[in-house]
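Okay, so here's the structure we're looking at.
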Amino acid sequence: MLGLQSRVDSKTASEALNLFKTKFPDYANSELYYGVAPGRIEILGNHTDYNEGFILSAAIDKCTVLIGSKTTDRNVTLHSESMNASITFSLDDDTKYSVESGSSWANYPKGVIRELKPATGFVGVFKSNIPVGGGVSSSAAIELATAMLLRSLYPELEQDTMKLILACKKAENDFVGMGCGVLDQYTSGMGRVGHLVSLDCRDIFKHCYIPLCPEVKFVIANSLAPHQLVDGKYNILRAQCFDAAALLGVPFLRDVSLDRFDREKSVLPEGVRNTASHIVNENDRVLRGVKMLAEGDVDGFGALMSLSHQSSTRDFGNSCPELDTLVACATGLQGCLGSRLMGGGFGGCTISLVRSEEGEIFCSALLQAYHDHTGISTTAFVVSAGDGATGGLL
């Protein structure tokens, strides 16, 4: 179990193995394999993905583990500890589970299994130390853990990690029915401990790693704000980005420099202009952030994160009062270098860059300050940049 213990804490590894033996005692002495995949954080690059722009992200040191063993039939049985539920289905069954069924969690591994087409069935248990509702893409971690287990169980399957990442994205798009980009799966698959992943969304087969000094960590805090009208607002903003690109005569907003935008922005209607301003400046913030981190300027990088949130509030309009309050509370606390909303916005979580020695104290102070301002009791946790998904013999 040394391979698994190198990726998750020994307690999580032992509990996962014990859970497997409890749920599948007939396979306790069989050859066991594992897949493990981390959650992810978006650090800079808000809504730049569908504009073929730039993103800085990181895998985190919190993972989902799937331990499994092959069977001789075509049935798959999976147990999820976090859902306290089990499901059995045939490899020949393409049925999608509804939310009402209580089994919709199984659509994520089932979609991946459907894409990769293993030769036989298997049994497996999911165990995770990713905080529930943390906004760190636990669904992508489930998908990648499934893919990594299948690669280990069936060496004849596709071995290329990038192709597995794309299979997981396709599973979520086509089977689960979520129209996500590739960022979540990409980061979970390609993360590297102590580094951020720098991704150019125009060419997802190219990425580079940006070292992050150990003096800082990230804190994720949940605003608990409901995602009201997210789909409608998201689609409006997306359409405005494409409208702005067309009016500026470029394929995507990533093709517009800051200088050109300043010269030509008057041709855009006000609402479209504000939306485009966020994207053009956000791409610039990512590129500047890469240089700052290379120079060890974590204070400057934190300031860029805060500027990103100001732009989301002022120009893009994908923040909300709870997120703004959470960022304002974080900004005033000792050890905080910058804070912004994370992901799509309209609710959900914030991410703050914090000096490492202040991490836990910062969490406690932030939760208290947010409760004092809103009456909302929520959660926050510290994460570090971790390694990407892998698997092997237990």
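Numbering starts at 1 and runs along the sequence shown.
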Exercise for the section: Could you tell me which non-hydrogen atom of A28 sits nearest to which non-hydrogen atom of K21, and how far apart they are? Expected result: CB-CG, 4.0 Å
Practice task
Search all heavy atoms of A244 against all heavy atoms of V272 and return the closest pair with its distance.
Solution key: CB-CG1, 3.5 Å
Exercise for the section: Look only at the side chain of N283 and the backbone of V280, and say whether a donor-acceptor pair between them is shorter than 3.5 Å. Expected result: no
Exercise for the section: Consider only side-chain N and O atoms of R285 and S308, and report whether a donor and an acceptor are under 3.5 Å apart. Expected result: no
Exercise for the section: Taking T161 for its side chain and G189 for its backbone only, find out whether a donor-acceptor pair lies under 3.5 Å. Expected result: no
Problem - Spatial distance of atom CG (L153) from atom CD (E31) [nearest 0.5 Å] - result: 9.0 Å
Handout entry: Side-chain donor/acceptor of H195 to backbone N/O of V193, under 3.5 Å
Key = yes
Exercise for the section: Find the distance between NE2 (H278) and CG (D315) and round it off to the nearest 0.5 Å. Expected result: 8.0 Å
Fill in the blank from the handout: Looking only at heavy atoms, the pair that brings A58 and L196 closest together is CB-CD2, 3.9 Å
Practice task
Kindly indicate, with the supporting measurements, whether the criterion side-chain contact (heavy atoms from CB on, under 4.5 Å) is fulfilled by L17 and K127.
Solution key: CA-CA 9 Å; L17 179 58; K127 168 77 178 177; over 6 Å; no
Practice task
Look at the side-chain heavy atoms of Ile, Leu, Val, Met, Phe, Trp and Tyr, link any pair under 4.5 Å apart, and say whether F362 and V298 land in one connected group.
Solution key: no
Problem - Y186 side-chain N/O to I204 backbone N/O, donor-acceptor pair under 3.5 Å - result: yes
Handout entry: Spacing of CD belonging to E358 relative to SG belonging to C363, to within rounding of 0.5 Å
Key = 11.5 Å
Practice task
Answer yes or no: does atom CG of D160 have more than 12 heavy-atom neighbours from other residues, nucleotides or ligands under 6.0 Å?
Solution key: yes
Problem - Closest non-hydrogen atom pair between S69 and L32, with its separation - result: CB-CD2, 3.7 Å
Exercise for the section: Run the numbers on L253 and F261 for side-chain contact (heavy atoms from CB on, under 4.5 Å), then give the verdict. Expected result: CA-CA 10 Å; L253 285 175; F261 184 75; 5.9 Å; no
Practice task
Take L237 and F346 through the test side-chain contact (heavy atoms from CB on, under 4.5 Å) and record every step on the way to the result.
Solution key: CA-CA 12 Å; L237 292 172; F346 309 109; 3.7 Å; yes
Handout entry: R238 bridged to D49 by N-O distance under 4.0 Å
Key = no
Exercise for the section: First locate atom NE2 of H207, then atom CE of M162, and finally report the distance between them rounded to the nearest 0.5 Å. Expected result: 9.0 Å
Handout entry: I60-V354 co-clustered via ILVMFWY side chain contacts under 4.5 Å
Key = no
Practice task
Output yes when a side-chain donor or acceptor of Y370 lies under 3.5 Å from a complementary backbone atom of S223, and no otherwise.
Solution key: yes
Problem - Chi angles and distances behind the side chain to side chain donor-acceptor pair (under 3.5 Å) call for D324, T313 - result: CA-CA 8 Å; D324 290 342; T313 300; 2.9 Å; yes
Exercise for the section: Check R7 against P38 and note the closest heavy-atom contact, atom names and distance. Expected result: NH2-CD, 4.3 Å
Practice task
Using a strict 4.0 Å threshold on nitrogen-to-oxygen distance, state whether D93 and K110 make a salt bridge.
Solution key: yes
Exercise for the section: Examine V382 and V327 and state if one hydrophobic cluster contains both, with Ile, Leu, Val, Met, Phe, Trp and Tyr joined whenever side-chain heavy atoms are less than 4.5 Å apart. Expected result: no
Exercise for the section: Determine yes or no for a side-chain-to-main-chain donor-acceptor pair under 3.5 angstrom, with Y154 supplying the side chain and K70 the backbone. Expected result: no
Handout entry: Cluster check L304, L56: I/L/V/M/F/W/Y, side chain < 4.5 angstrom
Key = yes
Handout entry: Under-4.0 Å salt bridge between D200 and K206
Key = no
Exercise for the section: Please confirm whether the backbone N or O of T378 pairs with a side-chain atom of N222, one donor and one acceptor, at under 3.5 Å? Expected result: no
Handout entry: Charged N-O contact under 4.0 Å between R273 and E270
Key = no
Handout entry: Q159 atom CD, neighbour heavy-atom count above 12 within 6.0 Å
Key = yes
Problem - Exercise: do S257 and D259 side chains pair donor with acceptor under 3.5 Å - result: no
Handout entry: Co-membership, hydrophobic cluster, residues L341 and V136, 4.5 Å side-chain
Key = no
Practice task
Decide whether a cation-pi geometry holds between R114 and F175; the criteria are a distance under 6.0 Å from NZ or CZ to the six-membered ring centre and an angle within 45° of the ring axis.
Solution key: no
Problem - Ring centres under 6.0 angstrom apart (Y234, Y50) - result: yes
Fill in the blank from the handout: Note: L116 and A167 closest approach over all heavy atoms is CD2-CB, 4.0 Å
Exercise for the section: Compute the centroid of each ring, for H79 and then for F20, and state whether the two points are separated by less than 6.0 Å. Expected result: no
Handout entry: Within-4.5 Å side-chain heavy-atom neighbours: D184 and E143
Key = no
Practice task
Quick one: pull up OG in S188 and CE in M148 and give me the separation to the nearest 0.5 Å.
Solution key: 8.0 Å
Problem - Check: T48 side chain, F54 main-chain N or O, donor-acceptor pair, under 3.5 Å - result: yes
Exercise for the section: For N51 and F252, indicate whether the former's side chain and the latter's backbone hold a donor-acceptor pair under 3.5 Å. Expected result: no
Problem - Pair S277-R314, side-chain donor/acceptor within less than 3.5 Å - result: no
Handout entry: salt_bridge(R288, D297) N-O dist < 4.0 Å
Key = no
Problem - T146 side chain reached by C168 side chain, heavy atoms, under 4.5 Å - result: no
Practice task
Please answer whether the main-chain N or O of Y97 pairs with a side-chain N or O of N107 as donor and acceptor at a distance below 3.5 Å.
Solution key: yes
Handout entry: Distance (rounded to the nearest 0.5 Å) between K62 NZ and I41 CD1
Key = 12.0 Å
Exercise for the section: For the pair E42 and T187, evaluate side-chain contact (heavy atoms from CB on, under 4.5 Å) and give the outcome as yes or no after the intermediate values. Expected result: CA-CA 9 Å; E42 172 205 281; T187 308; over 6 Å; no
